[in-house]
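In this text the structure is predicted, and so the values were computed from the model without any measurement. Lettering follows sequence order; numbering is per chain, from 1.
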Protein chains: 2
Amino acid sequence: MSTTEGDSNLIDGKAMAAEIRGEIKEATEKLIEEKGVTPGLATVLVGERKDSEVYVRMKKKAAVEAGFNHFDVKLEDTVTQEELEAEVDKLNNDPQVHAILVQLPLPDHIDEEAVLEKISLNKDVDGFSPQNIGNLAMKGRTPVAVPCTPKGCIEMLKRKGVKISGARAVVLGRSNIVGIPAAMLLIQENATVTVCHSRTQNTKEIVQEADIVIAAVGIAQYVKKDWVKEGAVVIDVGINSVDDDTKKRGYRLVGDVDFEEVKEVAGLITPVPGGVGPMTIAMLMQNTYELACKYGGEEEKKE
Amino acid sequence: MSTTEGDSNLIDGKAMAAEIRGEIKEATEKLIEEKGVTPGLATVLVGERKDSEVYVRMKKKAAVEAGFNHFDVKLEDTVTQEELEAEVDKLNNDPQVHAILVQLPLPDHIDEEAVLEKISLNKDVDGFSPQNIGNLAMKGRTPVAVPCTPKGCIEMLKRKGVKISGARAVVLGRSNIVGIPAAMLLIQENATVTVCHSRTQNTKEIVQEADIVIAAVGIAQYVKKDWVKEGAVVIDVGINSVDDDTKKRGYRLVGDVDFEEVKEVAGLITPVPGGVGPMTIAMLMQNTYELACKYGGEEEKKE
Ligand SMILES: NC(=O)C1=CN([C@@H]2O[C@H](COP(=O)(O)OP(=O)(O)OC[C@H]3O[C@@H](n4cnc5c(N)ncnc54)[C@H](OP(=O)(O)O)[C@@H]3O)[C@@H](O)[C@H]2O)C=CC1
Ligand SMILES: NC(=O)C1=CN([C@@H]2O[C@H](COP(=O)(O)OP(=O)(O)OC[C@H]3O[C@@H](n4cnc5c(N)ncnc54)[C@H](OP(=O)(O)O)[C@@H]3O)[C@@H](O)[C@H]2O)C=CC1
């Protein structure tokens, strides 16, 4: 079904992401040299959520390492809707900014949908706008940016030489940011796709039919060994914390797949952490680079 | 699995469409009386394709019967891109027009995508714009209009009391106008959905698992009896002409399902003609009515 590295069936997302980020760094040097465009990523962080701070820090680090400009917008969690939207608008109008990422979730008093809609289509690096998702779903249309996490899943399959066309793929989960766009991407790659969710009956039997499984449900170690067909490729998007007294911080992170069990039958499998997570950040860098290539010159010329 | 009329497992799309059009006619009388808004549907026909002329005539007839205003725009097939877009823009700016339908296909020299994009989102009665398809795909968003043919399929299931939630549904075809939006609607109704297309392997075995089959492939009598699970509900979207010497015109219309065979095993089945076709027109009337309700008052007030 697929190529493997050494005798391991592990997909090392961390190594693959590092490789991609290396490629982007090189391409960025060229872009700067030849076109005078330096990709610019702006991150907008509201409030002081620890997890959001960690994510933004990782994204900033990756951007700087790739040779991008990084624009760090930090706002108090007392910010008003108007103030936040005005900040986004400032970034929309800044020709040095090619990509705008508003870290979610936003505080409860903020209308998240309205903020995301403020982002210019050509700077929507997460690709979460309805228009972009529509272009992703429709044959013959091209989205401005493909959402990073599902894009990372497909990129892993491709780089490991997994044959997607004609394969049966099962996506567990139907969220706007992972499940639905992952299903659309797989359909475009000519897989035969089944989408499961909390109302699905016989999820186990459906997963058993799959050559490719993408798990994005948010339930720790949900997918078991006897659900997975021998040789199937398993991409685990889930990030769940479970109590663990042996750890200093009292918990550890696990995926939506029972990794220790399932790795015995899977043809290829991603670990958590070190699988889809690092790929998501690499894809954010790729999207930023691509937006800078597509719209960078123009924007700066307009000045 | 479902209720049936008499001892027949036939879904009479013609009768159901007539019922719906009756409901819309009544609701329209009320809308005119209470709000002073008469739903207005504009059809734009370019050139002299016989089939397109028939479709537009049927839509016009249905609109007039429902008590709508109908605006009949007919253009030579020598019309330029600019002229056609200008016509659409005129309709966009006409407060009496609540719904704009551009009959497809357009002549080869016309950029179809650009014309469709010209239609105001709030008058896009077919719902084919990327933004609308995105809103259809995303949880928590509401499209302005649901594309008529897939909407008609779901409406048939609902009016026949078919339990969609938790059912396994298989959609054959992944076009922008039928397959993909049908799959999205079924997912939203909590079905477990598999999308098949020309690259799918073992289509027969996949269809055998389905409680609900929606066939939209454009291949005459493609789905056979031994593909269909006893009691499954089969919705046939296909319209294909096959040679038939016993007919005066030399051909007859058949669906994508081998109706005579499959009706022996299906719990419910739609015929062709007289199934999805009439429902598509009824849904066009429903969409027009709904656009007039949502945006009609406002537009006219602005005058
Ligand atoms: N690695 C990364 O970079 C990222 C990881 N994640 C992780 O991925 C996971 C999913 O995230 P997200 O999509 O945002 O989550 P959501 O909570 O938005 O969606 C979860 C989905 O899983 C479905 N679901 C729930 N229970 C079941 C079940 N028993 N069987 C099948 N499906 C089920 C839900 O169905 P229903 O719609 O019926 O409720 C829903 O569609 C989380 O663990 C999250 O932390 C998310 C984003 C990025
Ligand atoms: N009743 C009504 O009101 C309407 C009826 N129709 C009819 O519905 C049918 C489909 O229309 P439309 O969606 O526009 O057609 P398209 O030609 O746009 O799409 C056909 C789809 O069927 C898929 N397909 C082709 N061969 C197979 C196969 N062997 N197995 C499974 N899938 C296959 C194609 O796959 P791939 O993507 O791989 O090419 C494609 O996705 C037509 O007969 C059309 O006349 C359409 C609109 C309205």
Any residue of residues 217-225 of chain A which, by heavy atoms, sits under 4.5 Å from chain B: none

Atom group of B:Ile180 that falls short of 4.5 Å from chain A, counting heavy atoms: side chain

Heavy-atom contact with chain B under 4.5 Å, split by part of A:Val195: both

Separation between CG of B:Leu121 and CD of A:Gln131, rounded to the nearest 0.5 Å: 9.5 Å

Approximate separation, where rounding is to 0.5 Å, of A:Met184 CE and B:Arg174 CZ: 13.5 Å

For chain B, the option from A:Ser175, A:Ser129, A:Ala191 that forms the most heavy-atom pairs under 4.5 Å: A:Ala191

B:Asn202 side chain near A:Arg168 side chain, heavy-atom distance below 4.5 Å: no

Residue pair B:Asn176 / A:Ala137: nearest heavy atoms and the distance that separates them: OD1-O, 4.3 Å

Residue among B:Val170, B:Thr192, B:Val193 satisfying side-chain contact (heavy atoms from CB on, under 4.5 Å) with A:Thr194: B:Thr192

Interface moiety of A:Ala169 toward chain B, non-hydrogen atoms closer than 4.5 Å: neither

Crowding at CG, A:Asp226 (>12 non-hydrogen neighbours, <6.0 Å): yes

Contact winner vs chain B - A:Asn135, A:Ile133, A:Asn190, heavy-atom pairs under 4.5 Å: A:Asn190

Whether over 12 other heavy atoms sit under 6.0 Å from A:Asp51 CG: yes

Region of A:Ser165 in contact with chain B, defined by heavy-atom distances below 4.5 Å: side chain

Best-contacting candidate, A:Glu209, A:Gln201, A:Lys139, A:Met138, against chain B by heavy atom pairs under 4.5 angstrom: A:Met138

Short side-chain to backbone donor-acceptor contact, A:Arg141 and B:Pro130, under 3.5 Å: no

